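This report concerns only the one structure given below.
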Amino acid sequence: GDVVTAKAWLERAITVSPHDVSAHFQLAGFLLEQRDADGAATHYRRCTELDPQFADGWAQLSALFARMGNVTESQRLLDEGLKHCPDSPGLHRMNARRLRDNGQVGAAILAFRKAIKLRPNEPDPHLELGTTLLGMDRRAEGIAQVREALVWDPLNPTGLGIMAFNAIEQNNQTEANHWLSQVARQPR
């Protein structure tokens, strides 16, 4: 709770080691929590300058500009991050969301699949691809992706909810009961 001391220690870390990406990243996150978007942007940007292959720096900087309403700069930063970090599943997932939200669903599906290929054991890209496919009325493909997400996170509330809702829509009482019992047992 001692914000002043915390900030002083983070700034000291950068003074002692000005090229430490982690120190800049930690200070940026702290500044963002303190609602200092400009300060956070400065240090996230410094992360990308010090280590262009540090995907989290690009992701956080792009997300920050999106939250500030500067969509053009957010997209530019995401594209730049993907150039430097082509194997970042997180950046591909961010790109997939951006494409989906801009109505480029086909390109979004490809980007979600790229994120999944890079990190197949992460449930969230499977879920997001699944919901995208379900939104396109591609039920079988969408449900297959949700099932895959549940392989990696069997108690994922979103996945369980989708499966329960799908079973209800399909008038499959047995399967609906199964998924609803899973929902009731999960701690989240």
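Predicted, not measured: the structure shown is a model, and the values here were computed from it.
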Exercise for review: Answer with yes or no whether the side chains of Gln173 and Asn177 bring together a donor and an acceptor at under 3.5 Å.
Suggested key: yes
Review point. Aromatic rings His84 and Trp58: how do their planes relate, parallel, tilted or perpendicular, breaks at 30° and 60°?
Key: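 If you compare the ring of His84 with that of Trp58, the planes turn out parallel.
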Flag side-chain contact, heavy atom, 4.5 Å: [X] against [Y]:
X: Arg12; Y: Val16; answer: yes
X: Thr174; Y: His178; answer: no
X: Thr42; Y: Asp38; answer: no
X: His92; Y: Lys117; answer: no
X: Leu82; Y: Lys114; answer: no
X: Gln60; Y: Phe25; answer: yes
X: Asn156; Y: Asp124; answer: yes
X: Glu33; Y: Val3; answer: no

Between [atom1] of [X] and [atom2] of [Y], what distance do you get to the nearest 0.5 Å?
X: Phe54; Y: Leu61; atom1: CZ; atom2: CG; result: 11.5 Å
X: Asp36; Y: Leu31; atom1: CG; atom2: CG; result: 5.0 Å
X: Lys7; Y: Leu27; atom1: NZ; atom2: CG; result: 7.5 Å
X: Arg46; Y: Leu50; atom1: CZ; atom2: CG; result: 4.0 Å
X: Asn121; Y: Asp153; atom1: CG; atom2: CG; result: 11.0 Å
X: Leu78; Y: Arg97; atom1: CG; atom2: CZ; result: 10.0 Å

Review point. With the threshold set at 4.0 Å, does a side-chain nitrogen-carboxylate oxygen contact exist between Glu175 and Arg147?
Key: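 A salt bridge links Glu175 with Arg147.
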Quick one: closest heavy-atom pair of [X] and [Y], and the distance?
X: Ala111; Y: Asn95; answer: CB-ND2, 4.3 Å
X: Pro154; Y: Leu160; answer: O-CD2, 3.7 Å
X: Phe65; Y: Ala41; answer: CE1-CB, 4.3 Å
X: Leu180; Y: Ala164; answer: CD2-CB, 3.8 Å
X: Ser88; Y: Ala55; answer: OG-CB, 3.5 Å
X: Ile168; Y: Ala176; answer: CG1-CB, 3.9 Å

Counting distance only, does the side-chain N/O of [X] pair as donor-acceptor with the main-chain N or O of [Y] below 3.5 Å?
X: Ser74; Y: Asn70; value: no
X: His24; Y: Pro18; value: yes
X: Thr15; Y: Glu11; value: yes
X: Trp179; Y: Ile162; value: no

Establish whether [X] and [Y] are linked, either directly or via other cluster members, by ILVMFWY side-chain heavy-atom contacts under 4.5 Å.
X: Val105; Y: Leu134; value: no
X: Val21; Y: Leu77; value: yes
X: Leu129; Y: Ile143; value: no
X: Leu127; Y: Met163; value: yes
X: Met94; Y: Leu99; value: no

Practice item. Please lay out, stage by stage, how Arg139 and Gln170 fare under the test side chain to side chain contact (heavy atoms under 4.5 Å, CB included). Key: CA-CA 11 Å; Arg139 182 179 301 273; Gln170 300 299 309; 3.1 Å; yes
Point to revise | Stepwise side chain to side chain contact (heavy atoms under 4.5 Å, CB included) test for Ile109 and Glu141 | key: CA-CA 11 Å; Ile109 288 170; Glu141 292 172 88; over 6 Å; no
Exercise for review: May I ask you to check whether over 12 heavy atoms, not counting those of Asp137, lie within 6.0 Å of atom CG?
Suggested key: no
Practice item. Kindly determine whether Arg100 and Phe112 satisfy side chain to side chain contact (heavy atoms under 4.5 Å, CB included), including the steps that lead there. Key: CA-CA 10 Å; Arg100 180 194 58 208; Phe112 279 128; 3.7 Å; yes
Check your understanding: Considering the options Arg113, Arg98, Arg93, which one meets the salt bridge (charged side-chain N to carboxylate O under 4.0 Å, His left out) requirement together with Glu128?
Key ->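 So the option named by the test is Arg93.
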Review point. Of Thr48, Leu91, Asp56, which meets side-chain contact (heavy atoms from CB on, under 4.5 Å) against Cys85?
Key: Leu91
